[in-house]
Undergrad: 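The structure that follows is given in the form of structure tokens.
Only this structure's heavy atoms are used, side chains among them; waters, hydrogens and symmetry mates stay out. Throughout, a chain's letter reflects where its sequence line sits, starting with A, and its residues are numbered from 1.
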Number of protein chains: 2
Amino acid sequence: MNTFSFYNPTRILFGRGMEEHLGSQAAQYGTKVLVHFGSNRVKENGLFDRAAENLRNAGLEVFELGGVKPNPRLSLVEQGIELCRRNNIDCIIALGGGSVIDSAKAIALGVPAEHTVWEFYQGTAQPSAALPVGTMLTIPAAGSESSNASVITNEDGGLKRGFGHELIYPRFSILNPEWCFTLPAYQIGAGASDIMAHLMERYFTNAAPVELTDRLLEAAMKTLISVVPRVLAEPHNYDAWSELMLTGQMAHNNALDVGRTGDWASHDIEHELSGMYDVTHGAGLAVVFPAWMQHVLHHNLGRFVRWAVEVWGVEPDYFNPELTARRGIQAYKAFSRSIGMPVTLKELNIGAESLYKMAEKATDRGTRTLGNYVPLGAEDIYRIYTLALE
Amino acid sequence: MNTFSFYNPTRILFGRGMEEHLGSQAAQYGTKVLVHFGSNRVKENGLFDRAAENLRNAGLEVFELGGVKPNPRLSLVEQGIELCRRNNIDCIIALGGGSVIDSAKAIALGVPAEHTVWEFYQGTAQPSAALPVGTMLTIPAAGSESSNASVITNEDGGLKRGFGHELIYPRFSILNPEWCFTLPAYQIGAGASDIMAHLMERYFTNAAPVELTDRLLEAAMKTLISVVPRVLAEPHNYDAWSELMLTGQMAHNNALDVGRTGDWASHDIEHELSGMYDVTHGAGLAVVFPAWMQHVLHHNLGRFVRWAVEVWGVEPDYFNPELTARRGIQAYKAFSRSIGMPVTLKELNIGAESLYKMAEKATDRGTRTLGNYVPLGAEDIYRIYTLALE
């Protein structure tokens, strides 16, 4: 087990009716609040109005900024920063999924900064302050509701970059599974695929032994595998949604993987896909991850065998561990298909033409490697894209 | 799943050498620090001196108060409160196990209070402030290093009472498994038994379905069962100690059991034992818990069958679930014996004479019930003590 430092101060308010606490929570952090959101779904279903009313009843002045898109854009973040500065807004509520929350975190970082917020994402500056952020999560996927991370896309060059800092842990996050009942099936599948990827990135580690966290991550993966089909079959099943929403939150709050170093190459490899083709993140991960697994299978076959047996219930072939491991990958792909996800680039209408270019870009023209489990250069990444083709 | 609110801001610094951060951590919270400890072990093994030096190097003035005993006493807490007030101490470092940490939390609560600190434990007052507490954990057991709870014994009447409040979450806790290498085997066993009990109290719940947290708790129990024998066989095995120490911390920080209502009757039933006979808490739990299980077995047989199969690896007898469940209890008792714990009151030299008196006391003369899974009156508790006799 690695030495580690763990800290996660986000307050989680979970379940039916918890939105009633929005105003009293936000009032602890500010008086003028920006409600940040994406599509008009939250306007149409009344959630925005209920949130705004609850905030006003708690004595807060409410501003709004919608329009966040998947792979949230720097340009909207800059608009939000200006809006906050102009109106002395001192608290941000993200009402939506991971993209909205990531966008809100970026605005929170940018308001007190004396330079462009993109510098944080480029790694050329560190923040000393940020506005407090609270969230109301409507899509279980990114885990941003209790993470210290934010991923933003700079349209200028299609650059998608992440940044993490303790200052952007949400102060509180409200999760009511009922808000997910009307999500389209594709978004449910993509969200589940993202959650699965968060667990797998952490699972494939060189830290050893890591017995407790191996088991905790396996517990979360098994839960996910069992509940997603239930949610898709019964989108109004509160119990099933509760498990999915909680799994999504715990998959990315760093509690289940203390003492490990996760891999994260597949996330970076996918970021190039969504940066260039605007692929839904979870769909891209369902394509990239199995190809990554094939590429790194022999680095530690035992870990893939354990994963196949413990998570996917593959019957171990004691005389052919490689076959056992490959059956795990097959089970993962079958699961992805069953929840409506693609497992090849072909299904995303992406051909071979830009694969090498993306591999070069992902490694900053070969100047860095991706991933910790097996560090990957441009050639490795190109091979992974190729394995993912069809 | 129940609706829930989760918040745990304790910063965990885990692993070899992490004590180097003590001074810099404490300096964020105060300038005059009380190092609170129990036996002279931490003086003899040099840990106290290293901690004090690290604190002084960070510019802090160091005071000390030792002498905390298992089942920490109110009288020493009151001494600590006086010492802090007299010297304007503004931060407390607990150097030891759960008893030391609980005592430090009580001092932290008492210093700014305008009445006796016991009022908090009696439930007749709520705190509005507390000194910041940091911990250096030397015994994995109580989980107090990342909990908001403290249990204190008032010698006047042998009353053992717990109190919980967000103000007494430790600001940081430093856990270095190396500090546990010299623990006596009995203390290791008792600590492991306490950790097991923390997981089981949470596991036996009426909240349903609670799929993710069922699996997480099972993961932690299985880890504990596998690592404790390794630690006992090789007390200098850093890897095995790491798993045990981490399991102890996670078992009681409330992250693995969100959305559930734990039982906690066995803890209360044991508190009477240790209040009257000064029994080691973990040893008392190893005696009380199997008897409690026999008493409540039929409340939800399926849960005991699941526990037997998933945690203890009992082969399910599909045609005799009760037998399957009872085999789980047998496996638990065999495990307790294998780690040096008693499983009967007889082994603790406790006879039948005071059992009814304790059952009456536990229920405040029949005015309250214990436990959430099955609420227990004095007669139930008397039966459980009787089942535990031999």
Side-chain angles (χ1 to χ4, degrees), chain A residues 1-18 21 25 146 166 169 171-177 208-224 226-227 230 238-251 253 255-256 258-259 310, chain B residues 1-18 21 25 146 166 169 171-177 208-224 226-227 230 238-251 253 255-256 258-259 310:
Chain A
M1 192 186 302
N2 302 338
T3 63
F4 69 85
S5 170
F6 173 79
Y7 171 69
N8 190 329
T10 301
R11 187 181 302 270
I12 304 294
L13 302 160
F14 191 104
R16 278 193 187 98
M18 290 309 255
H21 301 285
Q25 283 293 317
S146 60
E166 283 188 1
Y169 274 118
R171 305 301 174 96
F172 63 89
S173 283
I174 306 179
L175 286 70
N176 179 345
V210 280
E211 191 164 334
L212 175 62
T213 50
D214 269 351
R215 289 185 199 268
L216 295 175
L217 291 168
E218 285 159 2
M221 286 187 264
K222 283 191 283 190
T223 304
L224 191 79
S226 101
V227 299
R230 288 216 296 279
Y238 178 86
D239 289 332
W241 265 117
S242 296
E243 300 290 340
L244 177 52
M245 205 168 200
L246 183 60
T247 304
Q249 185 257 316
M250 296 196 73
N253 73 359
L256 303 189
V258 289
E310 296 293 332
Chain B
M1 192 186 302
N2 302 339
T3 63
F4 69 85
S5 170
F6 174 78
Y7 171 67
N8 190 330
T10 300
R11 186 182 302 270
I12 304 293
L13 303 159
F14 191 103
R16 280 193 186 97
M18 291 308 256
H21 301 285
Q25 283 293 316
S146 60
E166 283 188 3
Y169 274 119
R171 305 302 174 95
F172 63 90
S173 283
I174 306 179
L175 286 70
N176 179 346
V210 280
E211 192 166 331
L212 175 61
T213 50
D214 269 352
R215 288 186 200 267
L216 294 175
L217 291 168
E218 287 160 2
M221 285 189 264
K222 283 190 282 191
T223 305
L224 191 79
S226 102
V227 299
R230 288 218 296 280
Y238 178 87
D239 289 332
W241 265 117
S242 297
E243 300 291 340
L244 177 52
M245 207 167 198
L246 183 61
T247 304
Q249 186 257 315
M250 296 196 74
N253 73 357
L256 303 189
V258 289
E310 295 294 332

Undergrad: Using a 4.5 angstrom heavy-atom cutoff, name the option from A/Phe6, A/Tyr238, A/Phe4 with the most pairs to chain B.
TA: A/Phe4
Undergrad: Give a yes or no on whether a salt bridge exists between A/Lys222 and B/Glu218, defined as a side-chain N under 4.0 angstrom from a carboxylate O.
TA: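 The answer is no: the pair does not qualify as a salt bridge.
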Undergrad: Non-hydrogen atoms of chain B under 4.5 Å away: do they reach the side chain of A/Glu166, the backbone, both or neither?
TA: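 Just its side chain gets close to chain B.
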Undergrad: Would you mind telling me which of A/Glu243, A/Met18, A/His21 has the largest number of heavy-atom pairs within less than 4.5 Å of chain B?
TA: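 Maximum pair count with chain B is reached by A/Glu243.
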Undergrad: Who among B/Asn176, B/Leu216, B/Asn2 has the most heavy-atom pairs with chain A under 4.5 Å?
TA: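 Greatest number of close heavy-atom pairs with chain A: B/Leu216.
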Undergrad: Taking A/Phe172, A/Tyr169, A/Tyr7 one by one, which has the highest count of heavy-atom pairs under 4.5 Å against chain B?
TA: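 The option with the most such pairs is A/Tyr7.
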Undergrad: Please state whether the side chain, the backbone, both or neither of A/Ser146 comes within less than 4.5 Å of a heavy atom of chain B.
TA: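 The answer is neither part of A/Ser146.
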Undergrad: If you count heavy-atom pairs within less than 4.5 Å of chain B, which of A/Leu217, A/Thr247, A/Leu224, A/Thr213 leads?
TA: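 If we count pairs closer than 4.5 Å to chain B, A/Thr247 comes out on top.
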Undergrad: What residue in B/Gly15, B/Gly259, B/Ala219 has the most heavy-atom pairs under 4.5 Å with chain A?
TA: B/Ala219
Undergrad: Using non-hydrogen atoms and a 4.5 Å limit, figure out which bit of A/Met1 sits close to chain B: side chain, backbone, both or neither.
TA: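 Contact with chain B is through both the backbone and side chain of A/Met1.
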Undergrad: Are the side chains of B/Val258 and A/Leu246 in contact, using a 4.5 Å heavy-atom criterion?
TA: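 A/Leu246 vs B/Val258: side chains touch.
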Undergrad: For residues B/Met250 and A/Ala255, report the shortest heavy-atom separation together with the two atoms involved.
TA: CE-O, 3.3 Å
Undergrad: What's the shortest heavy-atom distance between A/Glu211 and B/Arg230, and which atoms?
TA: OE1-NH2, 3.0 Å
Undergrad: Against chain B, work out which of A/Thr223, A/Thr3, A/Leu175 has the most heavy-atom pairs shorter than 4.5 Å and name it.
TA: A/Thr223
Undergrad: Below 4.5 Å, heavy-atom pairs only: which of A/Val210, A/Asp214, A/Ile174 has the largest tally toward chain B?
TA: A/Val210
Undergrad: What are the two closest heavy atoms between B/Leu212 and A/Ala220, and how far apart are they?
TA: CD1-CA, 3.7 Å
Undergrad: Quick one: which of B/Ala240, B/Ser242, B/Ala208 has the most heavy-atom pairs under 4.5 Å with chain A, could you say?
TA: B/Ser242
